[in-house]
Amino acid sequence: MTTACTFVLFGATGDLARRMLFPSLYFLHAEGFLADEQRIVATSRSDRSDEDFRDSVRGWVEERSGEWFDPEVFEDFARRISYVPVDAGEPADFEKLAEHLSGGCAEDVVFYLSTSPSIFGAVCSGLKDAGLTKAPNRIVVEKPIGHDLESNVRINETVAEAFSEDRTFRIDHYLGKETVQNLIALRFGNRIFEPLWNAQAIESVQISIAEMVGAEGRGGYYDEYGAIRDMMQNHLLQLLCLVAMEPPASLGADSVRNEKVKVLRSLAEITPDNVEQRTVRGQYEGGYDENGGRAASYTEDVGNPDSDTESYVAIQAEVENWRWAGVPFYLETGKRMAERRTQIVIRFRPVPHSIFGAETDPNELIIVLQPEERITLQIMNKKPGLTEEGMPLQELGLNLSLSEHAGGERRRIAYEQLILDALKNNPTLFVQRDEQEAAWRWIDGIVNAWEARNMRPRRYRSGGGGPSAKHSLTERNGHSWNE
Ligand code: BG6
């Protein structure tokens with residue numbers, strides 16, 4: 001495995017660079033994951049000196065790392081950073097960048113594009129013309145990679161003209177989260193789940209990502225994408241893949257990613273004929289924010305009074321294969337919900353025959369990924385105390401709090417692992433092109449069906465549980481959301 005010598009960041013003054021990328025690089029440095037000779041080259045359009053730029057980085061890192069900030073460590077870290085102005089439309093700027101990288105470091109470079117995809121093409125051809133795209137140099141691209149399958153293919157093709165697929169790293173930051181990787185550990189590091197991980201034992205699966213934040217501050221982008229493209233196409237479907245995939249032969253990139261793509265290709269198509277039963281779109285109204293203050297409505301937040309974009313979506317997905325035939329996967333994500341919570345609920349089938357004179361509650365394996373990391377297994381127990389007749393039962397949870405076992409360790413930024421993997425040339429946690437295309441194909445089907453049926457979002461209260469129509473989605477099958 002090679003370890004890149006230089007990390008070149010395009011979009012180095014953007015929001016992601018400030019909040020996530022520089023703080024992640026700082027922590028990688030602080031914890032000794034960066035080799036001495038590794039350099040960080042920041043680029044954006046404006047003209048800045050190294051010193052001036054390092055000062056900005058200091059402010060961003062300090063703000064993000066809080067009590068974990070160490071000024072001396074930062075000074076050491078800052079020595080790795082240099083700044084080169086690059087305008088993506090200026091070939092001469094790429095020549096200057098190449099010159100800056102020369103002297104050994106142009107040989108093994110990670111180019112990280114934290115920019116709008118509209119300039120991916122210009123950046124890739126600029127790098128190519130400047131002779132910077134030869135192996136093992138590689139590229140990392142951020143979402144959104146397209147708005148639908150067609151634009152996704154177009155962007156992927158542009159990138160492919162400069163970097164081969166094995167040197168293209170597509171980020172889904174959920175895959176960098178410790179808790180998400182833990183799903184792989186839970187499923188394949190334990191013997192007890194696998195015999196039950198199928199349609200014979202499992203009745204339904206629920207995957208939810210609820211957020212309290214709204215679309216404020218990023219209205220332009222969000223209003224064009226909506227919840228289905230912003231969250232469902234990537235994060236939710238990645239979680240679905242990790243829950244539903246077959247055991248991979250190894251942790252190697254191809255093994256894991258090939259299993260994921262099979263899941264995506266097995267998703268039953270949603271069509272105009274079933275879209276009204278299988279999906280719910282919602283848009284938040286004004287209400288109360290987390291502090292009890294007045295919260296603006298979606299249309300106010302994005303500054304578009306006529307917007308029909310959804311800030312909430314729920315889908316009943318079906319994975320059509322032997323393992324999962326007939327098991328509904330309820331997927332849900334929304335903004336301005338009552339609480340921030342990402343969780344997966346595996347609901348098992350009820351016992352085939354109850355000897356207790358009453359129905360027993362089905363077992364549930366609840367995996368909470370955010371805000372705290374917890375795994376709970378809901379099991380039936382005898383209610384303590386004397387009984388004159390029968391045996392009354394109660395449901396109790398077997399609880400594993402992963403945060404308690406982390407021993408007060410700092411909560412990592414998802415990007416730390418992903419940047420480290422890109423530097424180490426390990427693509428396992430990145431999204432393959434065919435995986436992304438399969439996801440877009442399925443999402444396009446839903447969006448087209450919405451259009452065909454003129455299905456507009458239903459309103460829901462800010463700070464509530466989402467549109468009430470979401471309950472019909474599950475109740476139709478005799479199920480309910482675990483909230
Ligand atoms: C991003 C979406 O990809 O993920 C945002 O664009 C969303 O709309 C964010 O808020 C959620 O990520 P996290 O890590 O806060 O759960």
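Counting starts at 1 for both ligands and their atoms, following the listed order. When a residue number appears, it is its place in the shown sequence, counting from 1.
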**Request:** Taking the six-membered ring for Trp and the full ring for Phe, Tyr or His, determine whether the centres of W68 and F27 are under 6.0 Å apart.
**Result:** no
**Message:** Let's go through R80 and H29 carefully: what are the C-alpha distance in whole Å and the side-chain angles of both, what is the deciding distance for side-chain hydrogen bond (donor to acceptor under 3.5 Å, both in side chains) to 0.1 Å, and is it a yes or a no?
**Reply:** CA-CA 10 Å; R80 297 177 184 273; H29 165 91; 2.9 Å; yes
**Under 4.0 Å from ligand 1 - residues by heavy atom, chain and number** = K143, H173, Y174, K177, E211, R218, D230, M231, H235, K335, R340, Q370
**Message:** With a 3.5 Å distance limit and no angle check, can you tell me whether R347 reaches the backbone of P362 through a side-chain donor-acceptor pair?
**Reply:** no
**Mutual orientation of the aromatic rings belonging to F10 and F111 [parallel < 30°, tilted 30-60°, perpendicular > 60°]** = tilted
**Request:** State, with a plain yes or no, whether a side-chain heavy atom of Q283 is found less than 4.5 Å away from one of R459.
**Result:** yes
**Prompt:** Cut-off 3.5 Å, side chains only: do N234 and Q238 have a donor facing an acceptor?
**Reply:** no
